[in-house]
Trainee: 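Supplied in structure tokens, the structure appears directly below.
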Amino acid sequence: SQGVKVSKIVNLADDIALNLAASGIRIEAPIPGKAAVGIEVPNKETQSVYMRTLLESDAFKDHESKLAFALGQDIAGNPVVTDIAKMPHVLIAGSTGSGKSVFLHALICNAAINYSPDELNMYLIDFSGVEFNSYALHNLPHARVIAPEAEREFGLSILNELVEEGARRMELCRNNDVSNIVDLKAKNPSLHIPRLLVIIDEFQKIFEIENDLISREANAKIHTIIQEFRKFGINLILATQKLPTSSILPKDLIANRVVFKSSPADFSSLISLPINGKVPQLHTGECIYNSESGSPYDNHKVQGFLVTKSDIDKLLNQISEFGLASHYQRKHDMVVFRGNELPEFRNRRIAKCHQTPSDMPESIGIYLGDSISTHETDVCAILRKESANNILILGGEANVAQRIAYHAAISATTSHTDQSATFVTLNFMRREDTLNEEIQSVFESLPFSSQIISKTADVVESLTAIKE
């Protein structure tokens, strides 16, 4: 009735829930823009929200933006649709089992359905090692980089690449006398500049070592991307189970927040509540969407739509079939990085200068392993025709160091024409080492003169012969 204080209604939340036999209620006091108080009572039976329902809704199909994205349904069952271009960056938080990962998959599927690979490219980076692998296995044509098992160094290399790309786009806009990527493409229709959707899941792991070089550089790069490149088609989505404490997170610069069930500290850090407001009880898949930097008057409860593993695989198969039927050719090769997977030596990426053998090459590429970055070639040491140009390999795990040294020697053979070099191997491995027998057979099969020395007494004689 008139004259009743809002605080009195809010304090009766538990009593109202008890009388209604509800698991919990949410009080919106007051409802933004209205002289009324809203009381949200959950349904007794939960219902899933499916992607098809939202994508076929009038709110989505009639949305004015080409970059519309369906978040889910509000408490009234109405579709919640936003614009990626206007967001343009999002911070997502949610504990294990909250629905955060499903939300990310829904976002990816939504984007893949509505935009062609020429319109939108994706960077899918995950530090947990459990997401995004399906997109790599199905060769998602929209994906430029997929890292199902990312490492901190790789994450930093992605941020460096995005900063370079953002600077390039800014220069293009400046040279064409426009201020954003939309006007740039309108002025130059033939210019290929897709929007970049960058999703980094469990991004807090970049900052897990407090104030080290990677943490500091990553923090600076994220600030640069958010502050300087929002008009140039780079959308950054940062997702986490727990907000990092060892870095200055630019959450004040990211107006759009999506918060699932999470710790009270993380929730209150991202979402402001009305006076005397309590942290809402969120079920799996439910989130609070706020587009006003966490303002207490812009909190919208949303039920995200459900996307299962079967749905994802089915969609990716359909996209793959469509790509084959239309003879689609990628503009960029997809980079897939799995930090816990040993690279295959036969698949090493060799620099062009080392691909043509010679009788006396100016330099020899010694390939040591896969690059923890988005470089076009793998990590390579260079041997040149000069004194004191050697390589020393040390390793805490003997088998790893031995394998690196073995592959380094084999990679040197690709720089020489047949019979133009002599390979001398000092092999002091134990007989039971698996690599020991492989070395013998491989070097004997190579079209070069080779010596394998396993006795200490023969080392001095061999080295003296080489010196002479």
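Given the structure is predicted, the values throughout are model-derived calculations rather than measurements. Values reported hereafter were calculated over all heavy atoms of this structure, with side chains retained and with hydrogens, waters and symmetry mates removed.
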Trainee: Heavy-atom distance under 4.5 Å between the side chains of S134 and L316, does that happen here?
Mentor: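 Sidechains of L316 and S134: in contact.
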
Trainee: Who are the salt bridge (Lys or Arg N to Asp or Glu O under 4.0 Å) partners of D266, not counting sequence neighbours?
Mentor: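 Result, salt bridge (Lys or Arg N to Asp or Glu O under 4.0 Å) vs D266: none returned.
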
Trainee: Using modelled atom types only, decide if a donor and an acceptor are shared between the side chain of R152 and the backbone of F127 within a distance under 3.5 Å.
Mentor: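 The answer is no, because no donor-acceptor pair under 3.5 Å joins these two groups.
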
Trainee: Tell me the closest heavy-atom pair linking G97 and T284, and the distance in Å.
Mentor: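 Scanning both residues, the minimum pair turns out to be O-OG1, 3.3 Å.
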
Trainee: If you define the side chain from C-beta out and look only at heavy atoms, does anything of V335 sit under 4.5 Å from D333?
Mentor: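 With C-beta onward as the side chain, the pair stays apart.
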
Trainee: Testing the basics here: between L282 and K261, what is the closest heavy-atom pair and its distance to 0.1 Å?
Mentor: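 Minimum heavy-atom separation between L282 and K261: O-CD, 3.5 Å.
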
Trainee: Quick one: are F232 and L172 in side-chain contact, heavy atoms under 4.5 Å?
Mentor: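 No. Closest side-chain heavy atoms not under 4.5 Å.
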
Trainee: Just how far is it from atom CG of L197 to atom CD1 of I234, taken to the nearest 0.5 Å?
Mentor: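 One finds 11.5 Å between CG of L197 and CD1 of I234.
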
Trainee: Can you tell me if N317 and S320 form a side-chain donor-acceptor pair at under 3.5 Å?
Mentor: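 Result is no, nothing qualifies.
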
Trainee: Please report the interatomic distance OG(S363) to CD1(I366), rounded to the nearest 0.5 Å.
Mentor: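 Rounded to the nearest 0.5 Å, the OG-CD1 separation comes to 10.0 Å.
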
Trainee: So does H192 get a backbone contact from the side chain of D118, meaning a donor-acceptor N/O pair under 3.5 Å?
Mentor: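 No, because the side chain of D118 does not come within donor-acceptor range (under 3.5 Å) of the backbone of H192.
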
Trainee: Please collect all ring-ring contact (aromatic ring centres under 6.0 Å, His included) contacts where either partner lies in residues 376-400, sequence neighbours excluded, each pair once.
Mentor: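 Residue pairs with at least one partner in residues 376-400: there are none.
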
Trainee: With a sphere of 6.0 Å drawn around NZ of K314, does it hold more than 12 non-hydrogen atoms of other residues, nucleotides or ligands?
Mentor: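 No, because the 6.0 Å sphere around NZ of K314 holds 12 heavy atoms or fewer from other groups.
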
Trainee: Does the S269 side chain pair with the main chain of A265, one donor and one acceptor, at a distance under 3.5 Å?
Mentor: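 No, the answer is negative, given that no donor and acceptor are paired below the 3.5 Å cut-off.
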
Trainee: May I ask you to decide whether E165 forms a salt bridge with R168, counting only side-chain N to carboxylate O separations under 4.0 Å?
Mentor: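 Looking at R168 together with E165, the answer is yes, because their closest N to O distance falls below 4.0 Å.
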
Trainee: Please confirm whether the backbone N or O of P117 pairs with a side-chain atom of N121, one donor and one acceptor, at under 3.5 Å?
Mentor: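 At least one qualifying donor-acceptor pair exists.
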
Trainee: Compare every heavy atom of S295 with every heavy atom of N290, then report the nearest pair and how far apart it is.
Mentor: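 What the structure gives for the nearest pair is ND2-O, 2.8 Å.
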
Trainee: I'd like to know if the side chain of S262 reaches the main chain of A93, judged simply by a donor and an acceptor atom lying under 3.5 Å from each other, with no hydrogens or angles considered.
Mentor: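 Here the side-chain-to-backbone pair does not exist.
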
Trainee: Ignoring hydrogens and angles, tell me if any N or O in the side chain of Q303 forms a donor-acceptor pair with the backbone of G72 under 3.5 Å.
Mentor: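 The answer is no, because no donor-acceptor pair under 3.5 Å joins these two groups.
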
Trainee: Are there more than 12 heavy atoms of other residues, nucleotides or ligands under 6.0 Å from atom CG of N175?
Mentor: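 Counting neighbours around CG of N175, more than 12 heavy atoms of other residues, nucleotides or ligands fall under 6.0 Å, so yes.
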
Trainee: Nearest 0.5 Å, what's the CG-CZ distance between D433 and R403?
Mentor: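 It comes to 10.5 Å.
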
Trainee: Which atom pair, heavy atoms only, marks the closest approach of A70 to F305?
Mentor: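 Smallest interatomic distance, heavy atoms only, reads O-CE2, 3.0 Å.
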
Trainee: Just by modelled atom types, is the Y367 backbone N or O under 3.5 Å from a matching donor or acceptor in the D378 side chain?
Mentor: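 Pair absent, no side-chain N/O of D378 close to backbone of Y367.
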
Trainee: Ignoring hydrogens, what is the shortest heavy-atom contact between I181 and G233? Give both atom names and the distance.
Mentor: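 Result for this residue pair: CG2-N, 3.8 Å.
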
Trainee: Going through the distances and angles, do D298 and S291 end up as a side-chain contact (heavy atoms from CB on, under 4.5 Å)?
Mentor: CA-CA 7 Å; D298 192 60; S291 60; 3.0 Å; yes

Trainee: Using side-chain heavy atoms (C-beta onward) and a distance below 4.5 Å, is V307 in contact with I108?
Mentor: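 No, side chains not in contact.
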
Trainee: Could you measure the distance from the OG1 atom of T414 to the CD1 atom of I350? Nearest 0.5 Å is fine.
Mentor: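 Spacing of OG1 (T414) from CD1 (I350) equals 5.0 Å.
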
Trainee: Does CZ belonging to R195 count more than 12 external heavy atoms closer than 6.0 Å?
Mentor: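 Enclosed: over 12 neighbouring heavy atoms sit under 6.0 Å from CZ of R195.
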
Trainee: Quick one: does N110's side chain have a donor or acceptor within less than 3.5 Å of a partner on L107's backbone?
Mentor: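 Flag not set: sc N110 to bb L107 has no pair under 3.5 Å.
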
Trainee: Take I125 and F132 through the side-chain contact (heavy atoms from CB on, under 4.5 Å) test and state the conclusion after the steps.
Mentor: CA-CA 8 Å; I125 315 299; F132 303 156; 5.7 Å; no

Trainee: Begin with the C-alpha distance, continue with both residues' side-chain angles, and end with the deciding distance and a verdict on side-chain hydrogen bond (donor to acceptor under 3.5 Å, both in side chains) for Q204 and T240.
Mentor: CA-CA 6 Å; Q204 80 281 358; T240 180; 2.7 Å; yes

Trainee: May I ask you to check whether H89 and F229 place their ring centres under 6.0 Å from each other?
Mentor: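 Between H89 and F229, which both carry aromatic rings, the centre distance is not below 6.0 Å.
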
Trainee: So, D313 side chain and H138 main chain: donor-acceptor pair closer than 3.5 Å or not?
Mentor: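 Such a contact is absent between D313 side chain and H138 backbone.
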
Trainee: Is the shortest distance from a Lys or Arg side-chain nitrogen in R174 or E171 to a carboxylate oxygen in the other one below 4.0 Å?
Mentor: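 Yes.
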
Trainee: With a 4.0 Å cut-off on N to O distance, would you call E286 and K301 a salt bridge?
Mentor: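 Looking at E286 and K301, the cut-off is met.
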
Trainee: Please test L191 against K185 for side-chain contact (heavy atoms from CB on, under 4.5 Å), starting from the C-alpha separation and ending with a verdict.
Mentor: CA-CA 6 Å; L191 200 59; K185 289 196 286 189; 5.6 Å; no

Trainee: Is there side-chain contact between L184 and R169, with heavy atoms separated by less than 4.5 Å?
Mentor: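 Contact flag for L184/R169 side chains = no.
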
Trainee: Kindly compute the distance separating CZ (R257) from OG (S293), expressed to the nearest 0.5 Å.
Mentor: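 One gets 5.0 Å once the value is rounded to the nearest 0.5 Å.
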
Trainee: Any side-chain heavy atom of L162 within less than 4.5 Å of one from Y123?
Mentor: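 Touching, per the 4.5 Å side-chain cut-off.
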
Trainee: Is any side-chain heavy atom of M122 less than 4.5 Å from a side-chain heavy atom of I199?
Mentor: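 Answer no - side chains too far apart.
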
Trainee: Kindly compute the distance separating CG (L435) from CD (Q402), expressed to the nearest 0.5 Å.
Mentor: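 It is 6.0 Å, given to the nearest 0.5 Å.
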
Trainee: Would you call L91 and F203 a side-chain contact if the rule is heavy atoms closer than 4.5 Å?
Mentor: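 Yes, at least one pair of side-chain atoms sits under 4.5 Å.
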
Trainee: What pair of heavy atoms forms the shortest contact from V90 to I92, and how long is it?
Mentor: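 Reported closest heavy-atom pair: CG1-CG1, 3.8 Å.
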
Trainee: List the steps, then state whether side-chain contact (heavy atoms from CB on, under 4.5 Å) holds for N133 with R338.
Mentor: CA-CA 9 Å; N133 195 48; R338 295 183 177 91; 2.8 Å; yes

Trainee: Is K100 salt-bridged to D201, going by a charged N under 4.0 Å from an acidic O?
Mentor: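 So K100 pairs with D201 through a salt bridge.
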
Trainee: For the residue pair E131 and S101, confirm or rule out a side-chain donor-acceptor distance under 3.5 Å.
Mentor: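 The answer is yes; a qualifying pair exists.
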
Trainee: When you measure from the side chain of N176 to the backbone of V178, do you find a donor-acceptor pair of N or O atoms at a distance under 3.5 Å?
Mentor: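 Checked: no pair found.
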
